[in-house]
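For the single chain, residues carry numbers from 1 onward in sequence order.
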Amino acid sequence: TLTALMLAAATLVFLSPSASATAVTVTVNDVVYAADDGDVAAGATVTDYTGPGGSVTILPSVDIGGTTYAVKTIGVDAFHSADLTGHLTIPDSGTTIQDYAFFDNSITGVDLGSVVTVGANAFNGNAISEPLVLPDTLVSIGLAAFKDMRFTEPLVIPDSVVTIGASAFEECSFTGLTLGTSISTIGSSAFRDDNVGGPLVLPDSLTSVGDLAFYQAGITGALIVPDQVTTVGRSAFQTNHFSSLIIGSSVTSIADAAFGDNFDLTAVRFTGPAPTTFGGDVFTWGSGPPGLIVRFPYRFGASQTPGGYTTPTWSGNAYPTIAVATVSYEANGGTPTPQSADVDIDGSSTATEPAPPAKSGKVFTGWYTDPGLNTAYAFSSPVTSDLTLYAKYIDAAVTGLAPTISGLAQVGATLTADPGPVEPANASLSYTWRADGSVITGATGPTYKLKNAQAGRRISVTITASSPGLDP
């Protein structure tokens with residue numbers, strides 16, 4: 001049976017070339033180029049190097065049997081341990097550098113042209129000391145592709161890059177790191193033992209961070225794990241120096257010691273539900289950072305969400321916690337709508353009253369706790385849960401004035417003017433008393449004592465209500 005299988009395999013190999021597709025090769029300056037004469041568009045691949053080492057020139061195109069092929073690929077092991085030195089230039093025609101293509105040489109610098117893919121260990125084992133400029137055509141960086149580089153300038157990952165493989169830049173000497181805006185995956189140990197030398201901005205496109213990805217990478221300042229990240233691997237950010245940490249809303253798995261050994265870390269803020277997988281010593285290792293407080297959204301606490309965060313501690317009493325309420329505002333047609341605010345639920349913290357919104361033809365009168373605008377909110381009260389506050393307005397004019405006069409219409413009697421219900425209630429009122437339509441001098445109060453001069457005359461009063469910013 002084994003013999004039959006072997007014969008079948010041999011038959012398949014023998015029949016695979018077609019009459020219209022033949023592998024062709026050419027060697028130019030000790031570089032071997034191969035192509036398929038039935039697929040000129042696929043271009044040529046560098047498959048081998050037979051020279052003595054030193055500097056090498058890779059052509060942008062080659063003539064094989066009268067046909068010109070663009071050199072698009074540097075093949076697997078093409079220059080593996082070839083004793084190359086100096087600066088290497090990949091022609092702009094090249095799009096792919098395959099696994100181990102330049103492994104174990106002494107290249108000091110490289111121009112990557114318009115490369116799209118750099119394979120595993122492609123430049124590992126070199127001594128690249130010149131600044132590394134990655135082209136904006138690059139999409140994928142393979143396992144250990146640039147491991148142990150010696151250049152000291154900042155490294156910029158272009159926005160085109162989507163995937164960074166395991167150990168891709170492990171143990172490099174660059175001093176500063178900028179990550180492009182399209183990165184989805186950062187593999188294990190990708191930037192381990194590097195020198196970010198300051199804050200690190202993780203792109204919003206990121207979905208997973210592998211084990212040890214930024215272990216001992218010199219990260220300081222504030223670290224934000226973006227909302228699309230779902231998985232943070234073991235020791236991914238262990239042994240750094242960032243002081244605050246915000247963990248995005250989609251993280252479901254955080255492995256052991258993911259953020260451990262960051263002894264400057266005092267503030268951790270979760271923005272989403274409690275992770276379903278939460279390893280040991282995630283924020284601590286040994287004695288852990290002193291004064292660490294973990295904050296979480298009130299709505300994801302255990303009393304609101306099964307399996308949620310707990311207070312005053314969480315994760316087996318490992319971390320002191322504070323629930324954070326969100327205070328939101330509904331401007332009810334006014335502008336601008338105040339931004340929502342986070343307030344610690346600690347028995348004393350209060351919400352800060354925002355600037356009032358404006359609404360055409362209306363005057364803002366306060367924030368209320370219910371959509372029906374029945375209960376005014378007291379900003380002096382400690383916040384105890386999430387809440388939404390609603391803006392209340394009145395018409396931009398004094399309304400409701402319906403005056404009446406009471407009292408005896410006889411000389412010596414006192415008449416009283418009642419304005420009736422007035423909105424707003426704090427409106428200022430002024431009074432003008434008249435006899436047969438003529439103003440009575442000095443009669444400007446809510447009451448008037450009739451005199452002999454008013455006997456037999458018709459008495460009336462005009463009440464004017466006003467309030468700052470309103471029409472009377």
Side-chain angles (χ1 to χ4, degrees), residues 191-192 196-202 206 209-227 229-305 307-326 341-349 382-386:
F191 297 95
R192 179 177 180 174
V196 172
L200 176 68
V201 178
L202 299 173
L206 191 62
V209 183
D211 296 347
L212 297 156
F214 292 94
Y215 177 87
Q216 199 167 279
I219 302 169
T220 65
L223 179 65
I224 299 175
V225 178
D227 283 340
V229 172
T230 59
T231 303
V232 181
R234 175 180 58 84
S235 300
F237 295 93
Q238 187 179 346
T239 314
N240 283 281
H241 301 281
F242 46 84
S243 57
S244 66
L245 171 64
I246 296 177
I247 298 176
S249 58
S250 300
V251 173
T252 58
S253 177
I254 302 178
D256 294 348
F259 303 96
D261 260 357
N262 283 278
F263 292 102
D264 296 323
L265 182 62
T266 58
V268 174
R269 172 70 189 275
F270 284 92
T271 61
T276 53
T277 300
F278 193 76
D281 294 311
V282 166
F283 304 118
T284 56
W285 193 264
S287 59
L292 175 65
I293 299 293
V294 174
R295 287 175 168 82
F296 63 87
Y298 167 80
R299 63 188 177 279
F300 296 127
S303 58
Q304 286 73 42
T305 304
Y309 307 94
T310 57
T311 56
T313 60
W314 176 61
S315 185
N317 298 326
Y319 308 111
T321 56
I322 294 177
V324 178
T326 299
D342 293 333
V343 182
D344 286 351
I345 301 176
D346 57 10
S348 61
S349 294
V383 174
T384 59
S385 65
D386 291 341

Using every non-hydrogen atom in the two residues, find where [X] and [Y] come nearest and quote the distance to one decimal.
| X | Y | value |
| --- | --- | --- |
| P275 | S253 | CB-N, 4.3 Å |
| A258 | G233 | CB-O, 3.6 Å |
| A236 | G210 | CB-O, 3.5 Å |
| G307 | A274 | O-CB, 3.8 Å |
| D227 | T271 | OD1-OG1, 3.9 Å |
| S249 | P273 | O-CD, 3.7 Å |

Any chance you could measure [X], atom [atom1], to [Y], atom [atom2], to the nearest 0.5 Å?
| X | Y | atom1 | atom2 | value |
| --- | --- | --- | --- | --- |
| D281 | D261 | CG | CG | 9.0 Å |
| I247 | I254 | CD1 | CD1 | 4.0 Å |
| D264 | S244 | CG | OG | 11.0 Å |
| T321 | I345 | OG1 | CD1 | 11.0 Å |
| Q238 | N262 | CD | CG | 8.0 Å |
| I246 | L202 | CD1 | CG | 12.0 Å |

Next item on the list: Show your working on side chain to side chain contact (heavy atoms under 4.5 Å, CB included) between Y319 and V282 and close with a plain yes or no.
Entry: CA-CA 10 Å; Y319 308 111; V282 166; 4.2 Å; yes

Next item on the list: Evaluate the side chain to side chain contact (heavy atoms under 4.5 Å, CB included) criterion for residues F259 and L223: first the C-alpha distance (whole Å), next the side-chain angles of each, then the deciding distance (0.1 Å), finally the verdict.
Entry: CA-CA 10 Å; F259 303 96; L223 179 65; 4.3 Å; yes

Next item on the list: Show the numbers, then the answer: is there a side chain to side chain contact (heavy atoms under 4.5 Å, CB included) between F191 and L200?
Entry: CA-CA 12 Å; F191 297 95; L200 176 68; over 6 Å; no

Note to self: My understanding is that only residues two or more places apart in sequence, or in another chain, count here; which of them pass side-chain contact (heavy atoms from CB on, under 4.5 Å) with A217?
What the structure shows: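 A217: side-chain contact (heavy atoms from CB on, under 4.5 Å) contacts with V196, F214, I219, N240.
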
Enumerate donor-acceptor pairs with a distance under 3.5 Å from any side-chain N or O in residues 295-304 to protein atoms, sequence neighbours excluded.
residue: R295; atom: NE; partner: D344; partner atom: OD1; Å: 3.1
residue: R295; atom: NE; partner: D344; partner atom: OD2; Å: 3.2
residue: R295; atom: NH2; partner: D344; partner atom: OD2; Å: 2.9
residue: Y298; atom: OH; partner: Q304; partner atom: NE2; Å: 3.1

Next item on the list: Applying salt bridge (Lys or Arg N to Asp or Glu O under 4.0 Å), name anything that partners R234, two or more places apart in sequence or on another chain.
Entry: none

Note to self: Angle between ring planes, Y309 versus F270, binned at 30° and 60°: parallel, tilted or perpendicular?
What the structure shows: tilted

Next item on the list: Fit a plane to each ring of F278 and W314, take the angle between them on a 0 to 90° scale, and name the class: parallel (under 30°), tilted (30 to 60°) or perpendicular (over 60°).
Entry: tilted

Margin query: Can you tell me which residue among T326, V343, D346, D342 is in a side chain to side chain contact (heavy atoms under 4.5 Å, CB included) with V383?
Written below: V343

Item checked: Side-chain touch T220/P199, heavy atoms, less than 4.5 angstrom ->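 Counting from C-beta outward, T220 and P199 do come under 4.5 Å.
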
